[in-house]
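Written below as structure tokens is the structure these notes are about.
First listed ligand is number 1; within each ligand, the first listed atom is number 1. Any value given below was found using the heavy atoms of this structure, including those in side chains, with hydrogens, waters and symmetry copies removed.
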Amino acid sequence: MGKRGKYFTDEEFACKCGCGKADVSSDLVNRLDQLREDIGRPITIASGFRCDKHNASEGGVSGSAHTLGLAVDIKISSGQERFEVLAKVLRGFLFKRIGVAKTFIHVDIDESKPQTVVWTY
Ligand SMILES: [Zn+2]
Ligand SMILES: [Zn+2]
């Protein structure tokens, strides 16, 4: 089990289609380490790297930051958890692109896309 950053493993970032690709940027991992540190307990990566094939089958937008290794979805189980993750993500602009869904929060560092945005699904 390959370690990725301080708190994560390759497996947590790997594409869920079974191809096993986990090609996420080190900047992304560093920010997630910081987020994990700020929260003070484990966070669950619901979706990390996605190959083009898997992204398409999941209905992801073409060119999604997931396919570039610049995004993760963090699993969210309660309103308290959503508040906590959002508070830490926004602190110091740790992430400037945030998508809020019912069961996860998407964060990405894709600088080719609009910055300082929060969207819903
Ligand atoms: Zn894949
Ligand atoms: Zn996402």
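Among the atoms of Cys19, an N, O or S atom falls under 2.8 Å from the Zn ion (ligand 1).
Within the sub-2.8 Å shell of the Zn ion (ligand 2), the protein contributes these N/O/S atoms: His66 NE2, Asp73 OD1, His106 ND1.
Side chains of Ser25 and Asp27: no donor on one and acceptor on the other come within 3.5 Å. Using a 3.5 Å distance cut-off with no hydrogens or angles, the side chains of Gln34 and Asn30 do not pair a donor with an acceptor. Between the side chains of His54 and His66, not a single donor N or O lies within less than 3.5 Å of an accepting N or O.
No salt bridge links Arg36 with Asp33; every basic N to acidic carboxylate O contact stays at or beyond 4.0 Å. Ion pairing of Lys3 with Glu11 is absent here, as no side-chain N (NZ or NE/NH1/NH2) approaches a carboxylate O to less than 4.0 Å.
Annotation for Gln115: atom CD counts as buried by contact number, over 12 foreign heavy atoms lying within 6.0 Å.
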